[in-house]
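The structure under discussion appears below in the form of C-alpha cells.
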2 protein chains.
Amino acid sequence: MSVMSEERYEPALRLFSLLAHPARLRILDLLRRGEACVCHLQAALRAPQPYISQQLRVLREAGLIACRREGLFVYYRLENQQVAHLLADLLGPVAEEPSSLQCTCPRCRETASFEPIFLVEVN
Amino acid sequence: MSVMSEERYEPALRLFSLLAHPARLRILDLLRRGEACVCHLQAALRAPQPYISQQLRVLREAGLIACRREGLFVYYRLENQQVAHLLADLLGPVAEEPSSLQCTCPRCRETASFEPIFLVEVN
DNA sequence: ATACTATATGCAACCCATTGCATATAATGA
DNA sequence: TCATTATATGCAATGGGTTGCATATAGTAT
C-alpha cells in the first residue's frame, strides 16, 4: 500500500523509530542525568566506539541531543524536553546506578571517588 | 554486538517498536475515540483487509488492544491506558475528523448521517 | 612534524520486520 | 446445504535499518 503516511503522524513516527532501539534508548536514558562524553557512554554500553558514535549521530541529526567539544572530548546532552518527559513516563525517574561509571575524561577524573572502571594501571 | 538489551528497557522498547509503524499508530489513534470494527479501520486506512488484520493481531498479542465479536463484525478497542496517555502527549487530543468515515457495520448504519463512503448500491 | 588519544565517517553484509497475496475460518441467511 | 460477508492466518519475497570494521578527522603534547 505504501500510501498511508499521513503527515500528521510523521513527527511521532520518527521519534518512536529513534526510541525503538536498545543502544539509542539507553543513551538517551543516560543523558537524562546530564552531559556525558562519548567515552563515558562507551563504557556504559560496553560497545565499540564507532558504534556509539553512529547512534549519537542519528540522535544528533534528529535534534534529540546536542554536543559540545572540550579538547579531545565531546560532551553530549539531551536537547529535547519532550523526550525527557516521555522517558520519565515510561522509565520512571532517573535511576542512580550503584557504582557510577568512570572513564578517562577530565570530568570523570575530578569527581572520581573510586578507581575508574575502564582505566588500567600499566605498572 | 547484540548484548546490551537490559531488561529494564525491554517493555519500553517493545512499545516503541509497535508505535513506530504508520498503520499501527494510525489504528491506535483511531481507537482513542472508542470501539471500531475492522471494516471501519479498513476504510479509514484504505489498506487491504488482511493487512489491517495483521497489524491488529500484532497490537492485540501485545496487549495494547482487545476485541469483541458481534455477529460477523469484530470491534476493537484500546486496552492500554499508558498508550492513550502517550498518544495524547504526542498527537494532542482526539482529532475529530471532518467527515466521519462510514463502513457497512450496523453501528455505522444506525448513526449514519450521510451515505456510507464505501458502500456501493448495486440495485 | 610526529605520536597519540578521542571521536567521526563510509560502507558493505546481514538480518528481520514489513507487506502482498492466497487461503482459511467464523457467522449469518436462504 | 450452499452462498455470502467479515475477519483471520500462513508464508514467501522484499526492503531498509542495523552493525561491524576499516579508516578518516580533530585536538593535544612532545
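All chains are named by letter (A, B, ...) in the order of the sequence lines, taking the proteins before the strands, and each is independently numbered beginning at 1. Values below: every heavy atom of this structure, side chains too, minus hydrogens, waters and symmetry copies. Computed from a prediction, not measured in an experiment: that's the story for all the values here.
Applying the side chain to side chain contact (heavy atoms under 4.5 Å, CB included) criterion to B/S53, with sequence neighbours excluded, gives B/V38, B/Q49. The side chain to side chain donor-acceptor pair (under 3.5 Å) test applied to A/R77 returns A/E79, not counting sequence neighbours. Scanning for side chain to side chain contact (heavy atoms under 4.5 Å, CB included) contacts around B/A62 gives B/L18, B/L64, with sequence neighbours left out. Shown here are the side chain to side chain donor-acceptor pair (under 3.5 Å) partners of A/N80, two or more places apart in sequence or in another chain: there are none. Every residue two or more places apart in sequence or in another chain that forms a side chain to side chain contact (heavy atoms under 4.5 Å, CB included) with A/Q81 is listed here: A/A84, A/H85.
For residues 64-73 of chain A, the set of pairs meeting the side-chain hydrogen bond (donor to acceptor under 3.5 Å, both in side chains) definition, not counting sequence neighbours, comprises A/E35-A/R68, A/R68-A/E70. Among residue pairs with one or both ends in residues 49-66 of chain A, none qualify as salt bridge (charged side-chain N to carboxylate O under 4.0 Å, His left out); sequence neighbours excluded.
Contact of A/Q49 with C/dA6 (side chain to base): no donor-acceptor pair of N or O atoms is detected under 3.5 Å.
A continuous path of hydrophobic side-chain contacts links B/L45 to B/L91 [ILVMFWY only; heavy atoms under 4.5 Å].
Per the geometry, OH belonging to B/Y76 stands 8 Å off C1' belonging to D/dT7, to the nearest Å. Between the CG atom of A/L18 and the P atom of D/dG16 there is a distance of 17 Å, rounded to whole Å. D/dA8 atom C1' lies 14 Å from atom CD1 of B/I27, rounded to whole Å.
Both A/E70 and A/R24 sit near DNA chain D, but only A/R24 has its closest nucleotide nearer the 5' end.
Distance check, rounded to the nearest 0.5 Å: NE2 of A/H21 to CG of A/L59 gives 9.0 Å.
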Please list, pair by pair, any protein nitrogen or oxygen found under 3.5 Å from a nitrogen or oxygen in nucleotides 1-3 of chain D.
none

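One finds no side-chain N or O of B/Y51 lying less than 4.0 angstrom from the OP1 or OP2 phosphate oxygen of C/dA17. Taking side-chain N and O atoms only, A/H21 has a distance below 4.0 Å to OP1 or OP2 of D/dT19. An OP1 or OP2 oxygen of C/dA6 is reached within less than 4.0 angstrom by no side-chain nitrogen or oxygen of A/Y75.
Heavy-atom distances under 4.0 Å link DNA chain D to A/Q54, A/R69 of residues 52-69 of chain A, given in residue order.
When each of D/dT18, C/dT7, D/dA26 is scored by its nearest atom to the side-chain atoms of A/L72, the top-ranked nucleotide is D/dA26. Nearest nucleotide to the side chain of A/P50, out of C/dT7, D/dT7, D/dA22: D/dA22.
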